[in-house]
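The block underneath contains the structure these notes are about, expressed in structure tokens.
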Amino acid sequence: MCGIIGLFGNPKSIDINLFKKALDKIAHRGPDAYGIYQNEDIIFGHRRLSIIDLSYLGNQPMVDEQTNNVIVFNGEIYNYKSIRDFLLSKGINFNSSSDTEVLLKAYRYFGAEVLNKLRGMFSFCIYDADKKSLFFARDRFGKKPFYYAFIKDNFLFSSEIKALLPFFDKTPLPDKDSIADYFRYLASSYGKTMYESIYKLPPSCFGILDKNGLSIKDYYNPLDYVSKSYKNEDQILKAIEDKLVESVELRLVGDVEVASLLSGGLDSSFVSALYSKIAKDKFNRSINTFSIGYDEYEHYSELSWALKVSKFIGSNHRPITISSKDFIEKVDEVVYFLDEPINDPATLPTYVISSYIKENGIKVALSGEGSDELFFGYDMYYKYLAYDELSKSLKKESKELLFESINFQENMPKYQEFLRRALNDEIVFRTIGECFTELELKKFLRFSYENNQIELFSKRFEPFKHHHTSVWYYFVDMYMWIGEVLMMKVDKMAMAHSVELRAPMLDHELHQLVLNVDPSLRISNQNKHLLKKIATKYLPEDIVYRRKKGFSYPFIEWFYKEKKDFLKDWLKINKEHGFFDEGFLRFLYENGNSKAYKHHVWAVEIFNRWFKQNYLSN
């Protein structure tokens with residue numbers, strides 16, 4: 001796990017001290033080693049967090065001694081040993097035991113096809129010395145970020161936006177399409193960032209930059225692998241269990257200790273239980289687990305459940321508690337490390353617990369992200385499904401009659417908006433994290449914007465429309481929710497403290513298996529039906545079948561408590577950028593501590609803090 005940065009074009013056109021300054025901006029991603037490589041075409045920089053092969057032989061940038069290809073790589077290739085064995089059988093030798101060298105030399109052998117061989121989380125860039133080109137890629141789920149920009153005829157890339165900004169004469173303007181998508185879907189637009197002229201490589205994509213220009217293509221679409229319909233529950237349960245165990249085992253690779261997050265919910269409890277069993281059976285040791293709780297509003301806290309799981313699996317448990325003052329003091333730090341606004345309040349607890357993990361001398365931990373999206377775990381999925389099924393069941397005339405008979409209000413609750421979409425033949429489901437509806441957005445934003453990325457994904461889904469409706473939910477959430485919200489939260493907040501979080505539930509082979517299960521089994525009459533059946537072999541039933549709470553905490557209660565007059569701050573910043581309708585800001589201030597609008601309030605707050613840090617701080 002590391003931080004990468006690079007320039008392709010004319011290295012002599014920039015001051016090397018500026019490049020070093022930019023590399024220092026991501027020092028938190030890799031405190032263990034520092035490296036720069038330069039030739040007539042490139043400058044590559046690397047900050048290393050040593051996890052596999054802790055010796056200097058694993059340092060980067062790394063050069064292939066036969067081809068003179070150069071790599072900078074952020075992430076882990078979990079199956080690197082099997083790839084290494086294959087390459088050895090083909091006469092390719094190695095100088096280290098690192099996964100970086102395996103990736104570099106696998107590119108020599110496979111070319112771009114190397115991406116289909118990898119199980120891991122990664123973003124990397126390889127300079128192909130023979131072709132005088134760049135080959136770069138991001139993993140299937142977008143666990144590792146890759147940002148890029150063309151600046152003064154040079155192509156620059158990095159793990160974080162903050163390392164690209166020093167190369168601009170002035171900070172690029174906010175991208176208005178991305179602002180709109182952020183308020184809709186919690187993050188900036190697909191392939192774009194909150195800054196004009198700075199882009200992100202989407203999940204499951206690779207890029208080639210050569211004399212013909214820049215080309216970006218998909219190398220993976222999960223729906224290409226949906227071809228079966230497994231209906232034998234006993235057989236599929238066994239297959240999923242085996243793949244889950246394999247996925248956890250793969251993510252234990254490395255030469256440092258691996259801990260586990262343990263919130264007390266099903267996903268992290270199950271991952272921790274699987275890991276604990278593997279650790280005891282294979283290594284005869286207990287694992288370390290970490291959880292976070294809150295010193296008030298205890299109904300949010302799941303520390304007691306986490307402790308119960310810890311005792312059951314025999315882990316060395318380390319809980320931490322935060323207060324409202326801890327919360328408010330760290331919001332600006334979180335915004336800084338996010339690079340661009342992400343409307344997920346869980347960023348702050350993830351930031352705090354990652355700091356606590358580092359304080360305990362641990363670099364790597366497992367987490368439970370990805371289960372809800374795969375195993376149909378959100379209660380809201382069932383509600384969306386009901387609206388979609390209603391839309392399919394009604395004839396056009398019936399829809400028109402119902403639509404005309406219902407008085408849809410401007411500030412109507414979400415369920416009425418979903419009904420409006422269903423009756424109007426619009427896309428009902430637009431990611432599980434949807435915040436502002438289109439009607440709200442039109443009232444809220446005071447500028448024009450063009451694209452709505454849900455239309456982009458709708459077109460990409462056309463060849464797969466014959467699948468069950470739930471497959472659309474998965475497809476949208478994989479790209480718009482997992483890749484751009486969940487994984488960016490995990491990466492940015494953990495790497496701020498030089499900690500690597502690994503997600504066993506986000507293994508592409510596991511996902512391909514589960515997506516081929518017949519919808520009647522995968523969805524059933526309760527969320528995560530299949531996962532819960534497997535989990536009862538490893539956890540008590542009261543843990544497995546207790547009501548889902550989700551990862552929540554009293555962020556809005558604390559915000560109103562600690563920042564009572566925040567409307568004044570909002571109105572002051574709004575006079576600077578002029579993006580928002582003042583009447584709607586007042587409406588949110590007055591209604592934001594309700595369930596319906598608390599995420600709207602948080603979206604505005606995070607955006608304003610980001611804007612202030614980047615455009616008003618000097």
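Keep in mind that the numbers below use all heavy atoms, side chains included, and drop hydrogens, waters and symmetry copies.
Applying the 6.0 Å contact sphere to NZ of Lys21 captures no more than 12 heavy atoms from other residues, nucleotides or ligands. Remark: Asn284 CG is loosely packed, at most 12 non-hydrogen atoms of other residues, nucleotides or ligands lying under 6.0 Å away. For Lys25, the NZ atom sits in a loose shell: 12 or fewer heavy atoms of surrounding residues, nucleotides or ligands are nearer than 6.0 Å.
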Go through His529 and Phe375 one step at a time and tell me if the ring-ring contact (aromatic ring centres under 6.0 Å, His included) criterion holds. CA-CA 7 Å; His529 162 72; Phe375 290 100; over 10 Å; no
Please determine whether salt bridge (charged side-chain N to carboxylate O under 4.0 Å, His left out) holds for the pair Lys200 and Glu484, giving the CA-CA distance in whole Å, both sets of side-chain angles, and the decisive distance to 0.1 Å. CA-CA 10 Å; Lys200 59 191 171 192; Glu484 302 304 347; 3.5 Å; yes
Can Tyr597 and Trp602 be said to form a ring-ring contact (aromatic ring centres under 6.0 Å, His included), step by step? CA-CA 9 Å; Tyr597 292 103; Trp602 194 244; over 10 Å; no
Checking salt bridge (charged side-chain N to carboxylate O under 4.0 Å, His left out) for the pair Asp32/Arg47: CA distance, chi angles, key distance, verdict? CA-CA 7 Å; Asp32 298 332; Arg47 296 294 310 225; over 6 Å; no
Phe270/Tyr538 under ring-ring contact (aromatic ring centres under 6.0 Å, His included): CA gap, chis, key distance, verdict: CA-CA 7 Å; Phe270 189 24; Tyr538 298 87; 5.7 Å; yes
If you apply the rule ring-ring contact (aromatic ring centres under 6.0 Å, His included), what do you find for Tyr553 with Tyr300, and how did you get there? CA-CA 5 Å; Tyr553 72 107; Tyr300 283 106; 7.6 Å; no
For Lys81 and Asp99, run salt bridge (charged side-chain N to carboxylate O under 4.0 Å, His left out): C-alpha distance rounded to whole Å, both residues' side-chain angles, the deciding distance at 0.1 Å, then the answer. CA-CA 8 Å; Lys81 290 181 180 179; Asp99 57 340; over 6 Å; no
Given Glu541 and Arg546, is the salt bridge (charged side-chain N to carboxylate O under 4.0 Å, His left out) satisfied, shown in steps? CA-CA 8 Å; Glu541 288 199 1; Arg546 74 184 181 89; over 6 Å; no
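Nearest heavy-atom pair across Ala22 and Ile5 is CB-CD1, 3.6 Å. Taking every heavy atom of both residues into account, Leu261 and Ser367 meet most closely at CD1-CB, 3.9 Å. Taking each heavy atom of Met505 and Gly370 in turn, the nearest pair found is CB-C, 4.0 Å. In terms of heavy atoms, Ser354 sits closest to Ala494 at OG-CA, 3.4 Å. Minimum interatomic distance between Tyr185 and Thr431 (heavy atoms only, all atoms of both residues): CD2-OG1, 4.1 Å.
Between Glu340 and Tyr182, the closest side-chain pair of non-hydrogen atoms is not below 4.5 Å. For the pair Arg29 and Arg48, the minimum side-chain heavy-atom distance is 4.5 Å or more. Put simply, the side chain of Arg502 does not reach to within 4.5 Å of the side chain of Lys143, judged on heavy atoms. For the pair Ile83/Leu118, a side-chain contact is recorded, criterion being any heavy-atom separation below 4.5 Å from C-beta on. Between Trp481 and Val476, the closest side-chain pair of non-hydrogen atoms is not below 4.5 Å. Pro319 places a side-chain heavy atom less than 4.5 Å from the side chain of His317. You'll find the side chain of Ser470 stays beyond 4.5 Å of the side chain of Tyr381, heavy atoms only. Looking at Glu434 and Arg184, their side chains never come closer than 4.5 Å, going by heavy atoms from C-beta outward.
Taking the six-membered ring wherever Trp is involved, the centroid distance between the rings of Tyr479 and Phe475 falls below 6.0 Å. Ring centroids of Trp610 and Tyr195 are separated by less than 6.0 Å, placing the two rings close together.
Thr289 places no side-chain N or O within 3.5 Å of a backbone atom of Ser260 that could act as its donor or acceptor partner. The main-chain N or O of Met487 is never found under 3.5 Å from a side-chain atom of Asp491 such that the two would form a donor-acceptor pair. For Ser98 (side chain) and Glu101 (main-chain N/O), a donor-acceptor pair under 3.5 Å exists by modelled atom type. Judged by distance alone, with hydrogens and angles left aside, the side-chain atoms of Trp558 form no donor-acceptor pair with the main-chain N or O of Ile328 at under 3.5 Å. Judged by distance alone, with hydrogens and angles left aside, the side-chain atoms of Asn343 form no donor-acceptor pair with the main-chain N or O of Leu186 at under 3.5 Å. Thr350 places no side-chain N or O within 3.5 Å of a backbone atom of Met493 that could act as its donor or acceptor partner.
Between the side chains of His28 and Glu160, at least one donor N or O sits under 3.5 Å from an acceptor N or O. No donor-acceptor contact under 3.5 angstrom links the side chains of Tyr275 and Glu249, judged on distance only. Donor-acceptor pairing under 3.5 Å is lacking for the side chains of Ser188 and Thr193. Checking Glu257 against Asn288 by side-chain atom types alone, a donor-acceptor pair falls below 3.5 Å. Between the side chains of Lys532 and Asn527, a donor-acceptor pair is found at a separation under 3.5 Å. In this structure, a donor-acceptor pair under 3.5 Å is absent between the side chains of Ser178 and Asp181.
In this structure, Phe124 and Phe73 have perpendicular ring planes: the angle between them is above 60°, well past the 30° mark. Ring geometry for Tyr473 against Phe376 counts as parallel: the plane angle stays under 30°, on a 0 to 90° scale with 60° as the upper cut. Ring geometry for Phe436 versus His600: interplanar angle of 30 to 60°, hence tilted. Classified by interplanar angle (parallel below 30°, tilted 30° to 60°, perpendicular above 60°), the ring pair Tyr589/Phe566 is perpendicular.
Stacking of Lys162 on the aromatic ring of Tyr336 is recorded, both the 6.0 Å distance cut-off and the 45° axial limit being met. In this structure, Arg138 fails the cation-pi test against Phe146, since its NZ or CZ atom is not both closer than 6.0 Å to the six-membered ring centre and inside 45 degrees of the ring normal. Judged by the 6.0 Å distance and 45° axis criteria, Arg84 is positioned over the aromatic ring of Phe94.
Remark: Glu241 does not engage Lys243 in a salt bridge, criterion side-chain N to carboxylate O under 4.0 Å.
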